[in-house]
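Down below is the structure, laid out as structure tokens.
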Amino acid sequence: MIKGGGAALAGAAGATAVGKALSGDRAASEPLPLAETGRIILVPRTAEDAYAYWEVPESAKETLRHQGGEKLALRLYDVTGGVDLARQAAHNVQQYSVDELDQDRHLPISVSDRDYVAELGYIAEGDRWLTLARSKPVRVPAQFKSANG
């Protein structure tokens, strides 16, 4: 579970869902320069599924492990309405454990027609969050059009 000042709820498929509560643990994270962290891409697949993939240098992971990073995780933030994660808490957060060797993951989307951001990082002592990479916001539409029209 993530602590952040709000109620933590068990999420689907090994995820942890947290309401409007994560602005406090984000302040503890000092992000690395983008060139050192790599990148993460979030792609909507259907109204209920998105796909995240990332490329992160081992040196960036090692740097954050030396800063106390203990457990690698992937977070999916609902940023609908232009939420700026540097200054505001997301509407909802889902967290998924990932293995150090993982480079991608399918993510269930519980509410479509919303904007989402994926973020890869480490959980450190005291539930501090150390960011490795953050995607650009993407819209998960309510319905996808078929290839035939």
Sequence-distant partners of Asp113, side-chain hydrogen bond (donor to acceptor under 3.5 Å, both in side chains), two or more places apart: Arg139

Residues in salt bridge (Lys or Arg N to Asp or Glu O under 4.0 Å) contact with Asp99, at least two apart in sequence or another chain: none

Nearest-0.5 Å distance, CD of residue Glu119 to CH2 of residue Trp129: 6.0 Å

Connected via hydrophobic side-chain network under 4.5 Å: Tyr96 and Val111: yes

Other residues, nucleotides, ligands: >12 heavy atoms within 6.0 Å of Glu58 CD: yes

Atom pair CD/CG of Glu70 and Asp127 - distance to nearest 0.5 Å: 9.5 Å

Under the side-chain contact (heavy atoms from CB on, under 4.5 Å) test, residues paired with Val79 that sit two or more places apart: Tyr77, Val83, Leu85, Asp115, Val117, Pro137

Any donor-acceptor N/O pair, Arg45 side chain to Leu107 backbone, under 3.5 Å: no

Contact check, side chains of Asn92 and Tyr116, non-hydrogen atoms, under 4.5 Å: no

Sequence-distant partners of Asp78, side-chain hydrogen bond (donor to acceptor under 3.5 Å, both in side chains), two or more places apart: Thr80, Arg114

Residue list, side-chain hydrogen bond (donor to acceptor under 3.5 Å, both in side chains) with Tyr51, at least two apart or on another chain: Asp104

Shortest non-hydrogen contact from Ala90 toward Val93: CB-CG2, 3.9 Å

Nearest atoms (heavy-atom pairs only) where Pro44 meets Val140: CB-CG2, 4.2 Å

From CD (Glu55) to CG (Leu120), nearest 0.5 Å: 12.0 Å

Gly68 versus Ala124, closest heavy-atom pair with distance: O-CB, 3.2 Å

Exercise: identify the closest heavy-atom pair between Leu42 and Ala118: CD2-N, 3.9 Å

Check: Trp54 side chain, Ser135 main-chain N or O, donor-acceptor pair, under 3.5 Å: no

Heavy-atom closest pair, residues Pro141 and Ser112: O-CB, 3.5 Å

Side chain proximity check, Ile40 to Leu74, heavy atoms < 4.5 angstrom: yes

Non-neighbouring partners of Glu100 that pass side-chain contact (heavy atoms from CB on, under 4.5 Å), sequence neighbours left out: Lys61, Arg65, Leu72, Tyr122

Rounded distance [0.5 Å steps], CD in Gln94 versus CD1 in Ile109: 8.5 Å

CG-CD distance between Leu76 and Gln95, expressed to the nearest 0.5 angstrom: 11.5 Å

